[in-house]
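Notes for the one structure printed next.
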Protein chains: 2
Amino acid sequence: MKLTTKGRYAVTAMLDLALHYGEGPITLADIAQRQGISLSYLEQLFSRLRRQSLVASVRGPGGGYSLGKEAREIFIGEVISAVDENMDTTKCHGAHNCQNNERCLTHDLWSDLSNQIYTYLNNISLQDLMDRKAVREVADRQEHGDVDASLVDQLGTPAGV
Amino acid sequence: MKLTTKGRYAVTAMLDLALHYGEGPITLADIAQRQGISLSYLEQLFSRLRRQSLVASVRGPGGGYSLGKEAREIFIGEVISAVDENMDTTKCHGAHNCQNNERCLTHDLWSDLSNQIYTYLNNISLQDLMDRKAVREVADRQEHGDVDASLVDQLGTPAGV
DNA sequence: GAAATCTTGACTATTTTAGTTGGGAAAGTA
DNA sequence: TACTTTCCCAACTAAAATAGTCAAGATTTC
Ligand code: FES
Ligand code: FES
């Protein structure tokens, strides 16, 4: 299995969209700033998300992206798959042929593990995440705390501010 | 999370050791041939497994490796960790600091997923795998069927054999 | 028509993977 | 002792993947 920043960013960005539902289309620039993700990299990811109809786009000023269906109907596993990270942990990718064209000693172990992961991630929707207290707290911080909140926390409140 | 051939090979090799328990030390050359893994690559992996006391070694003719403790007491998660593949899926590796030194929007999701995987793999022992019918079947094939069994299966029984 | 936004494709530096190469050191066997 | 078998170790490497950047263009709004 592969789980890298690509998949993590995709889920984070989708969750950001979900959290700002009702504010009209959200620009990638907004998401990039709020979540600390490179804009051009986000563009690549949203290209894939759009092809899977997980998001809808509007061009021009005032444009941006919105969810392709309800937050309750978008599952984390879908999002990760959409950006091409596959959750399969077998070497043969399900073909039972990784040793001399036959099943290797550990195929079933990885296959079972993959099912575990698959089931887990496909039962959590964006809405489920939004309902979590910890997520709301971070979202609030991103709304108000702004860019350097963490630095302020670290260094104490500067005299001149 | 990272699960590549490194971790898969390590588990496969350990399972091979477990299956040949009682035959004295098993050489890496044997494992390499049976499981189709590069000998030098196995050496690297066993170096790490030995440092974690998951295997014990005997040098010289008649030497080889054996399990460091009972198959019932060696868990898959341990083996994977020993070869340095970490099962953590968070970006911050547990530090809650991946966005401006604070927790990102999705930290808990990855943290929970990591726990799932961790729990799953740490509750399966080598003995559990050995007890599986499918594993015994593959092990039998590796004992008798030998190197080109699969090719014979594919091409039909050659006339001259 | 200018600006904002999405859309696409090609390019790239860095890191990781999956090894290889080449040298040793210990132990048994003749 | 010489020889062979095995483990042990460190350095090197080709190929792939990652996490982007860069440049050009298409739509839409004002
Ligand atoms: S992982 Fe499927 S046959 Fe080896
Ligand atoms: S993954 Fe831990 S803070 Fe982002």
Side-chain angles (χ1 to χ4, degrees), chain A residues 1-13 17 20 23-33 35-68 80 82-86 88-89 91 93 98, chain B residues 1-13 17 20 23-33 35-68 80 83-86 89 91 98-99:
Chain A
M1 127 141 173
K2 236 178 354 180
L3 182 54
T4 63
T5 66
K6 201 191 290 185
R8 281 190 287 254
Y9 282 171
V11 173
T12 302
L17 271 190
H20 293 86
E23 302 174 18
I26 307 294
T27 67
L28 288 188
D30 283 350
I31 301 179
Q33 188 178 23
Q35 307 305 332
I37 306 174
S38 143
L39 175 59
S40 341
Y41 200 37
L42 269 183
E43 285 173 344
Q44 280 182 53
L45 301 181
F46 272 73
S47 165
R48 292 169 184 277
L49 294 171
R50 196 174 56 90
R51 271 176 244 160
Q52 303 296 319
S53 304
L54 292 176
V55 297
S57 62
V58 179
R59 297 214 256 200
Y65 286 94
S66 51
L67 292 183
I80 295 178
V83 294
D84 103 3
E85 300 213 301
N86 85 320
D88 190 9
T89 59
K91 185 179 191 182
H93 296 286
C98 87
Chain B
M1 131 141 169
K2 234 180 355 182
L3 182 55
T4 66
T5 65
K6 201 191 290 187
R8 285 191 212 106
Y9 282 171
V11 173
T12 302
L17 269 191
H20 292 84
E23 303 174 18
I26 307 295
T27 67
L28 288 188
D30 283 351
I31 301 179
Q33 188 177 23
Q35 308 303 334
I37 305 173
S38 143
L39 176 58
S40 344
Y41 200 36
L42 270 183
E43 284 175 343
Q44 280 182 54
L45 301 182
F46 272 73
S47 164
R48 291 170 184 276
L49 294 171
R50 196 175 56 91
R51 271 176 244 158
Q52 302 296 319
S53 305
L54 292 176
V55 297
S57 62
V58 180
R59 298 216 257 201
Y65 284 94
S66 51
L67 293 183
I80 295 177
V83 294
D84 102 6
E85 301 213 301
N86 84 318
T89 60
K91 185 178 190 186
C98 87
Q99 191 187 3

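A, B, ... follow the sequence lines: proteins, then strands. Residue 1 opens every chain.
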Are any of B:Y65's side-chain N or O atoms less than 4.0 Å away from OP1 or OP2 of D:dC8?
yes
Of the options D:dG20, D:dC8, C:dT7, whose atoms approach the side-chain atoms of A:Y9 most closely?
D:dG20
Between D:dA17 atom C1' and A:D84 atom CG, what is the distance in whole Å?
11 Å
Pairwise 5' ranking along DNA chain C for A:F46 and B:R8, keeping only the more 5' one:
A:F46
Separation of C:dA10 C1' from A:E43 CD (nearest whole Å):
14 Å
So what does A:I26 touch, heavy atoms closer than 4.0 Å: a base, only the sugar-phosphate, or nothing?
sugar-phosphate
Round to a whole Å and report the spacing from CG of B:L49 to P of D:dC8.
11 Å
Could you tell me whether the phosphate oxygens of D:dA17, OP1 or OP2, come under 4.0 Å of any side-chain nitrogen or oxygen in A:T4?
no
Take the protein atom CD of A:E85 and the nucleotide atom P of D:dA16, then report the distance between them rounded to whole Å.
19 Å
D:dG20, OP1 or OP2 - any side-chain N/O from A:S38 closer than 4.0 Å?
no
Using whole Å, report how far NZ of B:K6 lies from P of C:dG19.
11 Å
Report yes if at least one side-chain N or O of B:R50 is closer than 4.0 Å to OP1 or OP2 of D:dC9; otherwise report no.
yes
Integer-rounded Å distance: C:dT15 P and A:K2 NZ:
20 Å
State whether A:S57 places a side-chain N or O below 4.0 Å from either non-bridging phosphate oxygen (OP1 or OP2) of C:dC6.
no
Would B:R8 and B:T4 count as having a side-chain donor-acceptor pair, cut-off 3.5 Å?
no
The side chain of A:R59 lies closest to which of these nucleotides: C:dT8, D:dC7, D:dT28?
D:dT28
With a 4.5 Å limit on heavy-atom distance, are the side chains of A:Y65 and A:L54 in contact?
no
So, OP1 or OP2 of C:dT21: does either fall under 4.0 Å of a side-chain N or O from B:S40?
no
Closer than 3.5 angstrom, by distance alone: can the side chain of A:R59 be matched with the main-chain N or O of A:G64 as a donor-acceptor pair?
no
Should the side chain of A:Q44 and the base of D:dT21 be counted as holding a donor-acceptor pair, with the cut-off at 3.5 Å?
yes
Gap between atoms OH and P, on B:Y41 and D:dC9 respectively (whole Å):
18 Å
D:dC7, D:dT28, D:dT5: which one has an atom nearest the side-chain heavy atoms of B:P61?
D:dT5
So, A:E85 side chain and A:I80 main chain: donor-acceptor pair closer than 3.5 Å or not?
no
Just how far, in rounded Å, is P of D:dC8 from CZ of B:R48?
15 Å
Walk me through it: do A:Y9 and A:Q44 pass the test side-chain contact (heavy atoms from CB on, under 4.5 Å)?
CA-CA 11 Å; A:Y9 282 171; A:Q44 280 182 53; over 6 Å; no
